[in-house]
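Chain identifiers are assigned alphabetically (A, B, ...) following the order of the sequence lines, protein sequences preceding nucleic acid strands; residue numbering begins at 1 within each chain. No hydrogens, no waters, no symmetry mates; every other heavy atom, side chains included, goes into these values.
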Amino acid sequence: MQYLELLKNMSLVQWAFYFLSVTTLFGALGAVMSKNTIHSVLYLVLTFFSISGIYIMLNAQFLAAVNIIVYAGAIMVLFVFAIMFLHLKGDHHGFDNTIFVSALTAVGILGVILTLAIKKAEHFRVDVNNFNPKIGLIENLGDVLYKKYLLPFELVSILFLIAMVGAVLLAKKEK
Amino acid sequence: MIQNQEIVEDLVGHFGEKVFAFEEPYGLLSFSVSPADIIEIVTYLRDHKLFKFNFLTDITGVQFPENKGLEFCAVYHLHSWKNRVRLRIKAFMPAEKPEVPTLTGMFAGANWMERETFDFYGINFLGHPNMKRILNIEEMDYHPMRKEYPLEDATRNDKIDALFGR
Amino acid sequence: MDIVLIVKSIIIVTIFAVSLGIAAYETYFERVIAAFIQDRVGPDRAGPFGILQPLADGGKLFFKEDFVPTLADKWLFILGPSISMLTALMSSAVLPFGDTLNIKGQLIDVQGMDVNIGILWVFGIVSLGVYGILIGGWASNNKYSLFGAIRAASQNISYELAMGMSLLAVILVSESLSIKAIVQSQHGINWHIFHQPLGFMLFVTCALAECNRTPFDLPESENELVAGYHTEYGSMKLGLYLFSEYINMFISSAVIASLYFGGYNYPGIDVVHDFLIKQTNDVTGHNIATGIGILVFFLKTFFFIFVFIWVRWTLPRFKYDQLMNLAWKWMLPLSVANLIIEAAAELTPMPFLASWVGLGILFLAYIIFRPLFLKRKLKQNLQ
Amino acid sequence: MSKVNIVDAPEGFEGSGFFATSLDKIIGLARSNSLWPLPFATSCCGIEFMATMGSHYDISRFGSERPSFSPRQADVLLVMGTIAKKMAPVVKQVYLQMSEPRWVMAVGACASSGGIFDTYSVLQGIDRVIPVDVYVPGCPPRPEQIIDGLMQIQELAKNESLRRRNTAEYKALLDSYKVL
Amino acid sequence: MQLTDRSKKTDKSDLTVIEKTYWPGVVKGMGITLKHFFSKKATIRYPEQKRYLGPVFRGHHILKRDEQGRERCTACGLCAVACPAEAISMVAAERVKGEEKLYREEKYAASYEINMLRCIFCGLCEEACPKQAIYLRHDKFVPVFSSRDQVIYGKDVLVEDLNDRYERDAWTKEDMAALWQKQKD
Amino acid sequence: MMEKEILAPKTVGDALALNVPLEEERELHIMNFGPTHPATHGIFQNILTMDGEKIVSSEQTVGYIHRAFEKIAERRPFYQITTLTDRMNYCSSPINNFGWHMTVEKLLGITVPKRAEYIRVIMMELARITDHLICNSILGVDTGAYSGFLYVMQEREKVYEIYEEVCGARLTTNMGRIGGMERDLSPTAIKKIKDFVNNSMPKVMKEFEDLFVRNRIFRDRTINVGPIKVERAMEYGFTGPNLRAAGVDYDIRVIEPYSSYQDFDFEVPVGHNGDTFDRFMVRNAEIWESLKIIKQAIDNLPGGPYYANENHYYLPPKKDVYSKMEALIYHFKIVMGEIDAPAGEIYHAVEGGNGELGFYLISDGGRTPYRLHFRRPGFIYYQAFPEMIEGLTVSDIVPIMSSLNVIAGELDA
């Protein structure tokens with residue numbers, strides 16, 4: 001009964017949050033458990049999509065958009081692309097016990113770590129009164145990236161460049 | 001311009017009895033060889049310095065049911081582009097064993113022409129890489145161009161045969 | 001209820017209906033324009049001037065036997081066209097169709113919503129659109145479909161890059177990601193096309209590629225792949241695919257019009273606005289001016305739709321590897337160059353002049369260095 | 001929850017009677033104006049079909065300019081040209097792959113009856129393997145005749161009830177061609 | 001290989017640097033299509049507008065009657081023999097007394113059938129007819145059929161209707177040639 | 001073993017659904033291209049073994065419209081075979097018609113009057129134009145540009161109007177007779193031909209070339225796509241435009257002039273390396289040459305009769321049939337097919353739309369040919385197709401196929 005009350009009193013934002021969480025988890029589970037590789041990639045896309053929804057709720061619209069464009073729109077398409085090309089369709093394993101146990105262990109450990117982390121993080125709760133609602137927006141993001149963290153940012157870009165060159169070299173056929 | 005006479009003389013001089021039955025119907029030199037010699041003669045003609053019969057125009061088959069013992073005939077048309085001369089070579093073979101060596105080794109284009117001839121007449125080209133029917137369905141159990149087989153589709157029923165004495 | 005909310009919902013519904021209606025009639029215009037280009041008359045027997053042709057097509061498709069191939073992945077087979085349609089319809093939400101309407105003293109944007117990442121929204125949705133094709137093509141379990149799907153995927157990803165790069169130059173100049181702001185920054189005749197002709201060309205080419213229109217219609221190139229990704233689709237599922245393609249075409253035209261041709265801006269917009277206000281009153285005048293703006297916007301959009309169709313019936317199609325070459329070896333470097341030129345020009349006191357000078361230098365460099373480059377290539381080939 | 005009353009349909013309004021007719025008519029009209037052809041062109045008649053698609057005759061006026069080479073999307077199967085016995089299974093297969101409602105038009109003498117090719121290798125009319133709705137005579141027919149044939153099919157489409165494809169007679173027809 | 005003295009190489013010169021940017025070709029092509037967009041349309045709106053089929057078009061068959069309305073056909077069977085499609089069949093009958101008004105010759109075709117789906121409209125029957133009885137109309141073509149049992153045309157369709165006689169400029173090739181000669185002069 | 005598997009799909013549906021990878025090192029898969037694929041304008045099946053989009057090997061199946069021309073010809077009198085030749089290469093049926101008539105005339109020893117020969121030349125060149133137009137414009141369609149196709153189709157329509165004026169049919173013309181033409185050219189026909197040659201066709205042809213020749217997209221699609229070396233082309237029996245594109249100026253009109261071709265001044269266009277673009281360009285250039293020939297022929301059209309005065313072979317005038325017994329007898333004899341053909345053996349070749357179109361005729365003196373064999377250029381050079389497409393992609397084989405201009409009716413006979 002109490003829970004029903006709780007449900008009744010939930011705000012629109014909360015509804016949206018729980019909906020997105022459920023879809024995220026559903027997608028994630030689907031990605032892991034689906035027997036068809038293409039299906040699991042598509043589940044993963046669903047996960048990304050709902051995570052982007054959560055980003056939006058956090059007022060990080062830019063992050064949400066980039067998440068969709070880069071992960072769902074490009075990387076996952078490449079995944080699907082590769083899988084389609086490689087005929088991985090028939091190449092799936094059953095969901096046997098060892099995997100189940102190891103997965104459970106991993107999830108358990110992760111859960112413990114996360115719980116601890118969240119517990120600790122509670123100390124840094126946002127000050128509701130002085131909260132800047134534009135914190136996740138692109139202007140602030142740019143400000144932070146190009147002023148405060150300029151050096152790391154550029155370093156990261158160089159890192160990417162190196163990775164790209166490496167990838168090209170690897171992909172290039174030997175003559 | 002090379003005269004047919006020159007070719008005949010050269011061939012007879014080189015092959016002797018192997019080439020025979022020279023004819024010149026409508027200006028086109030035509031002669032017969034035995035099936036076994038066909039490759040040798042075509043090679044000779046192709047590589048000949050003067051004649052240069054470089055182009056295999058056509059291969060086809062003919063059936064002469066009356067010509068007992070040599071019912072089938074493979075007809076080759078060669079063409080010398082430089083000299084603008086054409087040549088017809090015939091190889092007769094018996095109905096029991098219609099076999100002739102293939103020319104696919106020399107002219108890649110002979111492949112399908114030979115297959116077609118096989119399809120139509122059942123002339124077997126020995127050494128052909130892919131001797132099977134080409135135009136008709138594989139399940140067909142006869143060679144339709146032979147004179148003994150009918151042309152018409154047996155199932156047609158909308159004409160009065162008496163009117164067409166074919 | 002709040003008047004703003006009501007008007008807003010009316011606007012949203014209208015936008016929805018308008019994009020559907022335009023997409024439907026794009027099929028008609030495609031046929032008529034194609035016919036006119038080819039010295040024909042086009043459909044003229046379904047209603048006067050064949051005006052009912054789209055309805056006939058729709059009616060037929062709705063009542064055609066719905067069919068799922070036995071070997072197909074049933075759910076994905078259905079999901080494919082749905083995603084295509086969904087993504088196509090979503091992107092019109094952020095397009096500013098006009099300036100503001102003045103209703104009871106409240107200024108309401110003629111726009112679904114004005115998010116500050118508007119252009120990224122369009123971009124993201126478009127990049128998701130490829131899933132529709134991808135899933136549909138894969139689920140059909142047909143070689144030709146699969147080829148179409150794979151081509152669509154690689155093509156969309158490749159052209160998105162160049163598209164994003166040329167877009168960056170626009171964002172750089174107008175200093176905002178919101179389409180509304182971008183349009184406003186081109187007030188009057190200060191359109192981006194005049195500043196960034198190269199960017200415009202690149203963007204249009206990429207838009208063609210993203211919509212899978214000729215010369216980039218490889219995913220469904222009918223002479224090669226029968227019908228590409230929708231080979232196995234019939235009835236309304238096919239209808240949805242075709243429809244979403246046309247909606248995409250409309251959206252791209254609208255985006256091009258907003259990004260490079262000033263959206264609802266037109267020369268002398270202020271004069272007209274002032275004149276109308278003087279003639280009537282503040283409210284009516286403003287609203288009429290907005291109406292004119294909307295009209296102008298649609299005119300521009302229709303022009304681009306026409307260009308899309310015109311191009312389709314003129315140009316031959318690329319080949320897959322040439323398409324990739326074009327994307328990676330031409331479009332991407334050029335768009336980066338464009339970005340650099342625009343960025344540099346922004347730093348100078350006269351951005352307009354500087355950008356043109358930059359482009360001139362780029363072109364000269366191409367003319368000069370191209371032969372050298374070719375010679376080296378030739379040498380390499382010879383070795 | 002209150003009890004929901006289901007109102008009985010008025011008497012005599014059932015079947016392909018009153019309700020159906022107006023819808024039938026509209027959809028029939030729609031179908032007839034949007035017949036997407038599958039040009040199954042094998043020989044000469046295919047070349048005349050090109051002329052039919054061309055500017056002088058312009059099949060698009062009838063809403064049929066979108067050739068659907070995928071059988072799933074086509075409404076009319078235009079068999080143009082000789083169908084050899086080797087080809088017959090393919091024609092049948094294509095017909096089977098088309099989704100309902102589908103029409104078949106045999107264009108030209110060869111497709112309709114074999115024409116001058118009364119030979120061992122030619123199918124004497126495609127109606128031996130699939131049901132044909134319209135025959136167009138001629139060898140090849142003029143584009144006008146092909147358009148006539150198309151208009152005949154439009155007529156058929158217009159006057160067909162939506163349920164025809166589910167009726168027993170239609171099933172029997174398909175059965176007689178062994179295409180079910 | 002050079003065989004004649006008439007050979008001419010086709011132009012396969014490289015594209016210029018500007019042409020390599022795709023734009024000149026694209027612009028030129030679009031210009032051409034735009035020109036056609038505004039040009040006059042070639043379409044003949046068929047059922048409403050009909051195209052002239054030429055003076056010798058080979059269309060619908062007709063069994064001519066002579067000036068007095070008698071059938072010309074004498075059932076000699078030449079047309080049937082000449083038909084490559086074997087589409088014509090006929091049954092001959094002797095004319096009896098009292099039928100002189102109906103048939104010109106002493107023999108006539110009691111039944112005359114053409115299978116319209118077999119016919120290839122080659123015109124050989126018209127040419128073969130020694131009595132100028134069968135013609136292929138130049139102004140009309142055979143309509144489409146929607147059922148197999150309509151396709152064999154009997155005399156009821158083929159014989160000329162006296163109330164709607166078929167006319168053409170010239171009935172034989174020779175007349176036609178004379179007519180053309182006159183046109184030329 | 002593997003070949004068996006490749007041949008397994010008998011129908012389109014089977015093969016379309018075919019999704020079985022072959023067990024090999026590279027992951028090869030099979031794709032079925034035809035017989036109803038839109039790009040196989042005629043109908044033949046290509047079963048492609050592919051590595052990704054690259055073609056590793058291919059297997060052709062033809063015979064989907066095998067109609068047994070040669071067998072029918074053994075049952076038909078000489079004049080009825082014209083209707084068969086009409087349907088062989090239906091894009092240029094007058095060439096086939098006249099080629100056949102010339103063969104028979106050679107057999108019968110008929111000399112055709114000059115006027116008839118000139119009219120034949122005009123008709124044959126018109127046919128060549130339509131043939132090349134279809135081929136080239138379809139190449140445009142196959143590379144995705146549809147409008148050019150419809151522009152030139154309007155010109156083809158004009159050629160058909162001329163045909164209609166001359167013989168009353170559009171495609172399967174049946175316009176010649178043994179010994180000459182069926183009809184003379186009418187003044188309207190001459191006017192139409194002149195208008196076609198001088199005004200409309202050059203204009204449209206220019207436009208068509210403008211649309212394609214300097215367009216980089218088109219060039220990229222065709223240049224160096226499917227080239228074939230001269231030697232290889234000759235081994236494969238290439239003739240006609242496809243051979244000329246490879247660089248040999250082999251043209252029967254020049255080498256063995258028939259039907260007064262020696263009277264005309266024209267050039268033989270040759271290409272460079274025999275790729276798709278060369279074939280396109282050679283055909284284009286040939287259209288221009290054909291126009292030149294027609295112009296010369298129509299301007300110098302000799303007077304006189306349009307048929308040989310051989311009443312044994314050419315149907316007598318209808319008027320004579322009524323009045324003269326002799327004419328009536330000949331009329332019956334000719335129609336019954338009882339002309340006295342001498343026994344003999346003939347090979348006659350004409351330059352068809354696609355290459356050397358040969359007629360090999362054996363007559364035993366009967367009313368029908370004893371054996372008639374057609375040397376169909378399409379049949380012979382289509383063999384080279386697998387070699388030409390090896391290592392290319394699906395997008396390439398479509399333009400190659402259409403630029404080869406294989407006409408299924410001719411190929412399958």
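Using a 4.5 Å cut-off between heavy atoms, B/Phe120 contacts chain F through its side chain alone, with no backbone atom that close. In this structure, the portions of F/Glu70 lying under 4.5 Å from any heavy atom of chain B include both its backbone and its side chain. For B/Ile137, no part lies near chain F; criterion is any non-hydrogen pair under 4.5 Å. For B/Phe107, the parts sitting under 4.5 Å from any heavy atom of chain F are the backbone and the side chain alike. Of the two parts of B/Ile134, the backbone and the side chain both hold a non-hydrogen atom closer than 4.5 Å to a non-hydrogen atom of chain F. Proximity to chain B (any heavy atom under 4.5 Å) is restricted, for F/Tyr250, to the side chain, taken from C-beta onward. Heavy atoms of B/Arg86 lying under 4.5 Å from chain F belong exclusively to its side chain. Proximity to chain B is absent for every atom of F/Arg67, based on heavy atoms less than 4.5 angstrom apart. Using a 4.5 Å cut-off between heavy atoms, F/Glu74 contacts chain B through its side chain alone, with no backbone atom that close. Contacts between F/Ile252 and chain B at a heavy-atom distance below 4.5 Å involve the side chain alone, from C-beta outward. Proximity to chain F is absent for every atom of B/Arg46, based on heavy atoms less than 4.5 angstrom apart. F/Thr239 touches chain B through its side chain: at least one heavy atom from C-beta onward sits under 4.5 Å away, while N, CA, C and O do not.
With respect to chain F, the highest number of heavy-atom pairs below 4.5 Å among B/Arg133, B/His77, B/Met113 belongs to B/His77. When each of F/Lys71, F/His66, F/Glu235 is checked for heavy-atom pairs under 4.5 Å with chain B, F/Lys71 comes out on top. When F/Ile380, F/Thr368, F/Ile362, F/Leu107 are compared by the number of non-hydrogen pairs under 4.5 Å with chain B, F/Leu107 comes out ahead. When the candidates F/Glu256, F/Gln60, F/Arg232, F/Lys106 are compared by the number of heavy-atom contacts under 4.5 Å with chain B, F/Glu256 comes out ahead. Between chain B and the options F/Gly344, F/Pro377, F/Gly237, heavy-atom pairs under 4.5 Å are most frequent for F/Gly237. Counting heavy-atom pairs closer than 4.5 Å to chain F, the top residue among B/Pro25, B/Gly61, B/Ala108 is B/Ala108. Of the listed residues F/Tyr381, F/Tyr382, F/Tyr360, the one with more heavy-atom pairs under 4.5 angstrom with chain B than any other is F/Tyr360. Contact tally against chain F (heavy-atom pairs below 4.5 Å) for B/Leu28, B/Asn54, B/Ile59, B/Thr57: the top residue is B/Thr57. The residue among B/Gln63, B/Met145, B/Met106 with the most heavy atom pairs within less than 4.5 Å of chain F is B/Met145.
F/Arg76 and F/Thr83 share no side-chain donor-acceptor pair at under 3.5 Å.
Side chain of B/Glu99 to backbone of B/Asn124: no donor-acceptor contact under 3.5 angstrom is found. Between the F/His348 side chain and the F/Trp100 main chain, no donor and acceptor come within less than 3.5 Å of each other. Although no hydrogens or angles enter the test, the distance criterion places a donor-acceptor pair under 3.5 Å between the side chain of B/His128 and the main chain of B/Asn111. A distance-only check finds no donor-acceptor pair linking the side chain of F/Arg244 to the backbone of F/Val282 [under 3.5 Å]. Within the 3.5 Å criterion, the main-chain N or O of F/Asn405 finds a donor-acceptor partner in the side chain of F/Asn354. Not a single donor-acceptor pair under 3.5 Å links the side chain of F/Asp412 to the backbone N or O of F/Val62. The backbone N or O of F/Glu356 lies less than 3.5 Å from a partner atom in the side chain of F/Arg375, making a donor-acceptor pair. Judged by distance alone, with hydrogens and angles left aside, the side-chain atoms of F/Ser363 form a donor-acceptor pair with the main-chain N or O of F/Pro342 at under 3.5 Å.
Between B/His14 and B/Tyr44, the ring-plane angle classifies as parallel under the 30° and 60° cut-offs.
Between B/Lys147 and B/Glu66 no salt bridge is recorded (no basic side-chain N to carboxylate O distance below 4.0 Å). Salt bridge annotation for B/Glu23-B/Arg88: absent, with no cationic side-chain nitrogen under 4.0 angstrom from a carboxylate oxygen.
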### Message
If you apply the rule ring-ring contact (aromatic ring centres under 6.0 Å, His included), what do you find for F/Phe374 with F/Phe359, and how did you get there?
### Response
CA-CA 5 Å; F/Phe374 304 102; F/Phe359 298 85; 5.7 Å; yes
